[in-house]
Structure formats: structure tokens, C-alpha cells
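Here is the structure we will look at.
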2 protein chains.
Amino acid sequence: MKEQLSKYLIRYANFNKLDLNLIYNTCSIQSYNKKDFLLKQNSVCKYKYFILEGLVRQYRVEDNGNENISVFGIENWWITNLDSFLNETGSINSIQALEKTTVLQITKTELEELYLKIPVLERVFRKITENMLIALQRKNEIFMKKNSKERYYNMLEQIPGFSQRVPQYMIASYLNITPEYLSDIRKNK
Amino acid sequence: MKEQLSKYLIRYANFNKLDLNLIYNTCSIQSYNKKDFLLKQNSVCKYKYFILEGLVRQYRVEDNGNENISVFGIENWWITNLDSFLNETGSINSIQALEKTTVLQITKTELEELYLKIPVLERVFRKITENMLIALQRKNEIFMKKNSKERYYNMLEQIPGFSQRVPQYMIASYLNITPEYLSDIRKNK
DNA sequence: AGAAATCATTAAGATATCTTAAGAAAGATT
DNA sequence: AATCTTTCTTAAGATATCTTAATGATTTCT
């Protein structure tokens, strides 16, 4: 557990043992069963989660009842509703475990204290955030300009093995198409 | 000029006069005429730009010749192709002035040196990047779930006065619809 | 194993949006 | 003012994707 986080962090900057311990000990570890919620729509997102193991989805239930998945989170990813976490407002979406999932979680206050104690962490989260922004920009590029079929095959390529871990209707939801139409796409391959 | 940047920066953290001077002097100032390019598609994005005055668009020309605008940049915004800037790869899009535009520009190397000399700047750009990520997530929410008409009226609301500064076909491009269809939407208000 | 629940497919008709092509309006340039 | 260029509108037919509803296949639970 501690190893896994350390290994992740030192990809971004140098840390000594003490710092790594402090970071790890500031987080609390938590396990969620399949279908458990890490965050519920409309409530404040209290934590930034580092996924040690498992799989989660971030999604929103629309007024008409439709579910709309914006992100899947897997091992070694941070997940949170950043808007809610930073501004302490109600979250527009939920985070739910799709498999048994173990995370390290840290509150905003805890994280801010860490920034003060370990300034280089500021750099690490700058870089992580930059990478997330780039990833989202790339995703956008695809969603804006590719049709459903291309988005589907792109996804299979980018995250192989994913279609085995997640039901097809959730993939459809992530791709922003109906399950019926995804079924069509697969048929007419 | 210096005032404008300083005023912007101190919204994010405390800086002393010396630091503010150093930051300002590390940037170079540059003016672009209408239609000039700050960045050309396929070339490496050498600068992060802070727009002092003016208006730019970030857009990509697709294989079929269509232009696709992803971002408009206005006063007091940073603009860059982050992927290209950080990874020093060819940019997938261009940045072009739509009005006479004055910017402060800084290279990756210069910025990295500043991070070392003024560690709190690391925090500032962490926060700026977080805010950009949140803004993009919000935009996504709208683009994924609202139809063209709703996106149009949302945009008018969010950035009022914008439709006066930018031709309608560019707004259509940003909204990811054809100019013809936008014309339709406006007619059937 | 059987029942219940969840998930995937099929098909027909509906809708949003695009494509093409032409003409009208507005703005820029001589 | 006249011409050229850019931008906007109109309209008809085409296409991608959705909606609904029903059935079939899997997985989960008892």
C-alpha cells in the first residue's frame, strides 16, 4: 500500500522516506464494496481519492433518470469532484465502486497542511493536474470530432481490457450514446 | 502592464515586489495584429501566453478543411497548447489573434527557472491549472448533455458581449455546429 | 437448479443536425 | 460609390443517432 503510493509519487519528484511516510500516514485507507458510493451527487466531495485497487465510475443522474458517466477511475489514478472538493459546494455527480475498491483518501485540509510541510508536493500536484487537463483536452478532441463508432473503437484501443470489466451500457454511457445504438455499432462492425 | 500581471498573480498568493518584478521581467511582451498566429498547428508551442489585451482563438483545421475552435482567450487568461508546451511535441491546433492582441509570453525553461526561484509560483500554477480543469469539466457537462440551442443560449449568458466581438460562424464552430444550423436556431428563437 | 434481476439485441419510426447550393447582406478596399 | 470579399440566411434532402417497445441472453441470488 505504502509502496504503491511512494512508487507513484517518486515518478513526479524526489521525496525522502520521512516525507513519504508523512504523506501516507496523513491519508486514511478505506475499502468499498461493489456499488458503494465514495461520493453522492449533491453532497460535498470531502476527499481526493487515490485508487489502490479496483474500479470506480463518476456519473450523474439527469432529471429524466438517465445516467451519464464522465470518468472511470482505476488503479493509480486520483479521483475526486475537483469543483466540489476545492469550493466545498454540492457535487454534480457521484462516484461509485464498480468492483471491490481500496483507496487512500485525503481531505482538503490535510492536503493543504501537507503542501506547507512538504513544498515539493505542490509541484507534484501541479504536474498531476496538468496531466489531467491534457488528458481531458485529448478526450474532448475525440468527442467533439469523432462519431460514435470511432469513439467506440478509439476507447477499445486506449483502454484495452476495459470492455471486460464494465457492462456495455456503461461504456455506451461514457461514450455518450444509447446502449441500443452501441449494440448497432458492434453488429455492423 | 506590470500592474496587470501583478494584480492577477496576487489573487492566487502573496508575492513581494521583487518577485513580481522578476516574474514580469522574465516574460517578454509581444503584440500581434488581427489574423497573426501565436502558434501554428504542427509546430511546438514554445510559450505560455498571458493575454494583456485582445482576443484569440485556439482552433484546428481538420483534414476536410473544416475549422474547429476549442477555446477563445481574452484578457487575463493564460493560453497555450499545454500538451505541446510541456511535452515539446507538435501542436494539434493553432492560436490566432482575432483582434490586435498584446501578450506576455514565457518559455518552459524560463518558467521552470522561476518555479525554482519563487517556489510559491508552483502553487499559483497549481491553482490556475485546477481552475482550468474545473472550467473544462463544466464546459464538458454542457456539451455532452445540452443540445445545440441550449449550448448557444448558455454561451450568450456565460460570455455576454462575446457575440459582438466574434463572427457568428466562429461561435458555431465553438459550439460544434454548422453556421447554417446556428442561423436556424437564431431564427426559430 | 430455478427464479429474479440485470444486461444486450433488434427493429421501426422519430428527431436533431448536417450537407449542399444558392442567394442576400454586410464589411472592407479601391 | 462600386467592387470585392466575407459573413449570414434559406431551403431541401440526407444521415446519425435516439426513442420505444419487445424479446433474448446473462448473471446473480435464493
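To find a chain, count down the sequence lines: A is the first, B the second, and so on, and within it residues start at 1.
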Side chain to side chain donor-acceptor pair (under 3.5 Å) contacts in which one or both residues fall within residues 54-64 of chain B, not counting sequence neighbours: Glu141(A)-Arg60(B), Arg57(B)-Glu67(B), Arg57(B)-Gln96(B), Gln58(B)-Asn93(B)
Ser183(B) and Glu180(B): side chain donor to acceptor below 3.5 Å: no
Using atom names, set out every protein N or O paired with an N or O of nucleotides 21-27 of chain D below 3.5 Å, distance rounded to 0.1 Å.
none

Of all pairs that satisfy side chain to side chain donor-acceptor pair (under 3.5 Å), the ones with a partner from residues 32-49 of chain B, not counting sequence neighbours: Tyr32(B)-Gln105(B)
Phosphate OP1/OP2 of dT7(D): any Tyr169(B) side-chain N/O under 4.0 Å: yes
side-chain N/O Thr178(B) vs dT17(C) OP1/OP2, d < 4.0 Å: no
OP1 or OP2 of dC18(C) under 4.0 Å from side-chain N/O of Tyr181(B): no
Of Asn176(B) and Pro167(A), the one whose closest DNA chain C nucleotide lies more 5': Pro167(A)
Phosphate contact (dA8(C) OP1 or OP2) by Arg186(A) side-chain N/O below 4.0 Å: no
Within 6.0 angstrom of Asn14(A) CG, more than 12 heavy atoms from elsewhere: no
Euclidean distance, atom CZ of residue Arg151(B) to atom P of dA16(C) [Å, nearest integer]: 13 Å
Sugar-phosphate only, base, or nothing, as touched by Ile177(B) at under 4.0 Å among non-hydrogen atoms: sugar-phosphate
Interatomic distance where NZ belongs to Lys35(B) and P belongs to dT7(D) [whole Å]: 7 Å
The helix from dA1(C)-dT30(D) to dT30(C)-dA1(D): angle between end helix axes, five pairs per end, rounded to 10 degrees: 50°
DNA chain C contacts made by residues 55-73 of chain A, counting heavy atoms under 4.0 Å: none
Under-4.0 Å side-chain N/O to phosphate OP1/OP2 contact, Gln168(A) with dT6(C): no
Crowding at CH2, Trp78(A) (>12 non-hydrogen neighbours, <6.0 Å): yes
Any Ser183(B) side-chain nitrogen or oxygen under 4.0 Å from OP1 or OP2 of dC8(D): no
Please table the atom pairs, donor to acceptor, closer than 3.5 Å between any side-chain atom in residues 118-126 of chain B and protein atoms at least two apart or in another chain.
residue: Glu122(B); atom: OE1; partner: Arg123(A); partner atom: NE; Å: 2.9
residue: Glu122(B); atom: OE1; partner: Arg123(A); partner atom: NH2; Å: 2.9
residue: Glu122(B); atom: OE2; partner: Arg126(A); partner atom: NE; Å: 2.4
residue: Glu122(B); atom: OE2; partner: Arg126(A); partner atom: NH2; Å: 2.6
residue: Arg123(B); atom: NE; partner: Glu122(A); partner atom: OE1; Å: 2.9
residue: Arg123(B); atom: NH2; partner: Glu122(A); partner atom: OE1; Å: 2.9
residue: Arg126(B); atom: NE; partner: Glu122(A); partner atom: OE2; Å: 2.4
residue: Arg126(B); atom: NH1; partner: Glu130(B); partner atom: OE1; Å: 3.2
residue: Arg126(B); atom: NH1; partner: Glu130(B); partner atom: OE2; Å: 3.0
residue: Arg126(B); atom: NH2; partner: Glu122(A); partner atom: OE2; Å: 2.6

More than 12 heavy atoms from other groups under 6.0 Å of NZ on Lys146(B): no
